[in-house]
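What follows is a set of notes on a single structure, which appears directly below.
Index from 1, following the sequence.
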Amino acid sequence: MKILVIGSGGREHALVWKLAQSKRVNKIFCVPGNAGIAGEPKTRCLTLDPAGDLDAIRQFALREKIDLVVVGPEVPLAGGIVDLFDGTGVKIIGPRRQAAQLESSKIFAKQFMSNQGIPTAEFFVCDSADQALDFVKRSSYDYPVVIKADGLAAGKGVVLAKDYSHAETTILEFMTEKVFGEAGSRIIVEECLRGRECSFMVFSDGEHYQPMVPSQDHKRVYDNDSGPNTGGMGAFSDDALLTAEMRTTILRSIVEPTLRGMSGEGTPFRGILYCGLMLTPQGPKTLEFNCRFGDPETQPVLMRMKTDLLDVFEALLENRLHQLSLEWSPDPAVCVVLASGGYPGKFDNGKPISGLAEVSRMKDVKVFHGGTRAATQANRVGRESPFQTAGGRVLGVTARGPDLPSAAARAYEACSKIDFQGMHYRRDIGVRQIARNAGPGEAP
Ligand code: AMP
Ligand code: GLY
């Protein structure tokens with residue numbers, strides 16, 4: 001089997017790492033990949049010209065006689081890459097453009113949830129800044145109110161406005177200054193939900209599904225959820241995130257009606273459905289859908305997966321996910337993201353990374369690369385390090401252990417051996433929950 005993985009982050013490294021373990025996989029291409037992905041067995045990274053062009057990807061897949069394409073990020077899915085592969089004979093994992101609207105249009109997702117009776121926050125759709133400002137003034141929602149750009153905004157399109165003036169600034173930025181272009185020309189104003197967040201991903205063939213183990217992301221840059229939002233500073237996966245009852249409620253009240261509703265509307269969802277949930281005192285509610293694997297959740301989740309991922313993808317493509325029984329390690333896993341100095345603001349690239357060779361010998365630890373590049377003779381500083389930083393979220397240090405504290409301790413031990421100039425990371429990934437043991441509905 002020849003596989004093509006699209007994307008360049010820690011999520012794609014985890015996908016390539018897991019697929020490379022399959023005996024039936026002979027060759028993996030990753031477009032564009034990163035320096036860590038290029039070091040996986042059977043794997044080659046390459047940049048196509050022009051970068052990100054969907055037709056260039058399709059032509060490459062045909063030329064190389066790729067059997068299966070796996071899409072990491074949302075942008076190609078929202079751009080219709082799955083539809084583009086129609087009639088080529090090349091199989092591809094992901095929803096079609098219409099179904100990917102569950103992520104690419106927050107208004108589509110909210111209206112869909114409303115129609116299907118899927119629990120979510122109360123909301124109001126606004127087509128103009130005046131309408132939004134007027135709604136915020138007279139709505140009964142407590143502050144913070146949540147302001148969301150309708151379209152894709154690279155994870156930056158959601159703001160929890162702490163008072164009217166913050167809401168006003170945000171609405172004007174989104175709708176008048178158009179900081180996200182057309183993505184912010186329509187917005188949602190939404191009530192703020194309280195509780196503990198949980199990421200719940202399922203494989204779906206459109207008709208049947210198989211859940212993955214639950215996980216939790218950490219979006220804020222500093223400990224105790226302070227500082228600005230980022231692409232994700234770490235995640236952990238632990239079955240204890242959900243009671244059996246909560247898990248059943250999520251399946252019955254969110255996952256199943258979503259998949260049934262999408263099929264009912266003639267746009268079956270085939271691919272990875274990511275449900276971003278808030279576990280509120282009134283039960284789980286949907287914050288957002290993504291139409292792909294989460295980053296960094298995929299790193300700890302795949303570290304717990306025992307089943308061959310290729311078997312799951314094939315079952316998905318053949319509409320027989322219900323015949324499969326997925327096997328997971330009961331051991332929790334923790335992923336700590338090591339970020340560049342300054343991230344999520346401005347940062348420099350090209351810092352040599354040390355310690356990776358020593359960490360590669362640690363048991364039950366895997367370092368997934370995000371923003372890294374290979375040091376060449378031309379740009380190498382000294383001789384010691386084959387890797388350099390090349391992005392904000394540089395590495396995802398991931399470890400598994402018999403319980404959450406052991407997994408976190410192992411991940412942090414590995415982090416302590418790695419260094420690059422300006423490196424920073426959160427010290428509370430997988431730790432806060434142990435210390436606080438916060439139940440659903442309690443403030444995080
Ligand atoms: P994004 O992944 O950029 O769409 O941002 C979603 C994040 O915004 C979630 O992970 C939550 O932390 C936060 N969020 C979104 N909607 C709400 C809401 N209604 N109440 C509280 N937090 C929310
Ligand atoms: N971890 C959140 C996301 O992938 O969007």
Side-chain angles (χ1 to χ4, degrees), residues 4-9 11-12 15 31 48 50-62 66 68-116 118 125 148-155 157 180-188 201-209 255 257-276 286 288-295 298 313 316-319 321:
L4 170 61
V5 175
I6 297 168
S8 64
R11 163 185 53 206
E12 288 76 20
L15 286 164
V31 173
L48 299 177
D53 179 57
L54 301 187
D55 202 52
I57 295 174
R58 188 178 71 121
Q59 285 172 28
F60 173 81
L62 289 171
I66 298 288
L68 173 67
V69 182
V70 181
V71 188
E74 62 277 16
V75 171
L77 292 167
I81 190 168
V82 173
D83 310 64
L84 202 64
F85 272 79
D86 269 351
T88 59
V90 180
K91 301 202 163 65
I92 179 161
I93 299 288
R96 288 170 175 275
R97 195 176 57 80
Q98 291 263 338
Q101 284 184 97
L102 275 182
E103 175 168 4
S104 65
S105 167
K106 291 198 194 301
I107 295 175
F108 174 90
K110 292 295 285 194
Q111 285 171 341
F112 171 81
M113 285 189 266
S114 224
N115 294 341
Q116 305 292 331
I118 294 165
V125 175
K148 297 184 168 182
D150 175 44
L152 295 179
F180 302 122
E182 284 313 302
S185 60
R186 298 175 80 202
I187 65 163
I188 290 169
M201 298 187 278
V202 304
F203 296 99
S204 164
D205 63 23
E207 217 179 318
H208 323 96
Y209 67 90
V255 173
T258 301
L259 298 178
R260 235 184 356 251
M262 290 300 281
S263 292
E265 295 192 359
T267 52
F269 189 95
R270 286 159 65 86
I272 286 61
L273 178 69
Y274 168 122
C275 308
T286 311
E288 56 160 352
F289 290 117
N290 291 328
C291 61
R292 45 151 180 103
F293 286 100
D295 190 341
T298 301
F313 284 157
L316 191 161
L317 291 163
E318 290 162 16
N319 283 6
L321 271 177

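- Inter-residue side-chain proximity for Pro73 and Arg11 is flagged as met; some heavy-atom pair is nearer than 4.5 Å.
- Under the side chain to side chain donor-acceptor pair (under 3.5 Å) criterion, Asn115 pairs with no residue, sequence neighbours left out.
- Between Phe112 and Thr258 there is a side-chain heavy-atom pair separated by less than 4.5 Å.
- Between Tyr274 and Met201 the shortest side-chain heavy-atom distance falls below 4.5 Å.
- Asp86 is listed as a side-chain neighbour of Arg96, based on a closest heavy-atom distance under 4.5 Å.
- The CD atom of Glu12 lies 6.5 Å from the CG atom of Asp295; values are rounded to the nearest 0.5 Å.
- Scanning both residues, Phe85 and Ala61, for their nearest heavy atoms gives CE2-CB, 3.7 Å.
- Applying the side chain to side chain donor-acceptor pair (under 3.5 Å) criterion to Lys110, with sequence neighbours excluded, gives Thr120, Glu190.
- Atom CD1 of Ile92 is separated from atom CD1 of Ile6 by 5.5 Å, given to the nearest 0.5 angstrom.
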Taking distance alone, no hydrogens or angles, what donor-acceptor pairs closer than 3.5 Å link side-chain atoms of residues 260-268 to residues at least two apart or in another chain?
| unit_1 | atom_1 | unit_2 | atom_2 | d |
| --- | --- | --- | --- | --- |
| Ser263 | OG | Gly206 | O | 3.0 |
| Ser263 | OG | Leu259 | O | 3.3 |
| Thr267 | OG1 | Met262 | O | 3.3 |

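- Residues Phe289 and Ala109 share a closest heavy-atom pair of CD1-CB, 4.3 Å.
- Phe313 contributes atom CZ, which lies 10.5 Å from atom CG of Leu321 (distance to the nearest 0.5 angstrom).
- Side chains of Asn319 and Arg270 form a contact here, defined as non-hydrogen atoms less than 4.5 Å apart.
- Note: Leu68 CG to Ile93 CD1 = 5.5 Å, rounded to the nearest 0.5 Å.
- Residues Arg292 and Ile272 have side chains not in contact (no heavy-atom distance under 4.5 Å, counting atoms from C-beta outward).
- Within the 4.5 Å cutoff, the side chain of Leu4 has heavy atoms near those of the Ile57 side chain.
- Of all non-hydrogen atoms in Ala78 and Leu152, the two that sit nearest each other are CB-CD1, 3.8 Å.
- The side-chain heavy atoms of Pro257 and Ile118, taken from C-beta on, include a pair separated by under 4.5 Å.
- The backbone N or O of Gly276 sits nowhere less than 3.5 Å from a side-chain atom of Glu288 that would complete a donor-acceptor pair.
- Panel note: side chain Glu103, backbone Ala100; no donor-acceptor pair is recorded below 3.5 Å.
- In this structure, Lys148 NZ and Ile107 CD1 are separated by 11.5 Å, a value rounded to the nearest 0.5 Å.
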Problem set entry | Stepwise side-chain contact (heavy atoms from CB on, under 4.5 Å) check, Arg58 with Val90 | CA-CA 9 Å; Arg58 188 178 71 121; Val90 180; over 6 Å; no
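- Nearest heavy atom pair, residue Cys275 against residue Val255, reads SG-CG2, 4.2 Å.
- Counting all heavy atoms, side chain and backbone alike, Gln98 lies closest to Gln101 at O-NE2, 3.1 Å.
- Between atom CG of residue Leu102 and atom CD of residue Glu74 there is a gap of 13.5 Å, rounded to the nearest 0.5 Å.
- In terms of modelled atom types and a separation under 3.5 Å, the side chain of Asp150 and the main chain of Ile187 share no donor-acceptor contact.
- Summarising the geometry of Leu54 relative to Pro76, their closest heavy-atom pair is CD2-CB, 3.8 Å, with the distance given to 0.1 Å.
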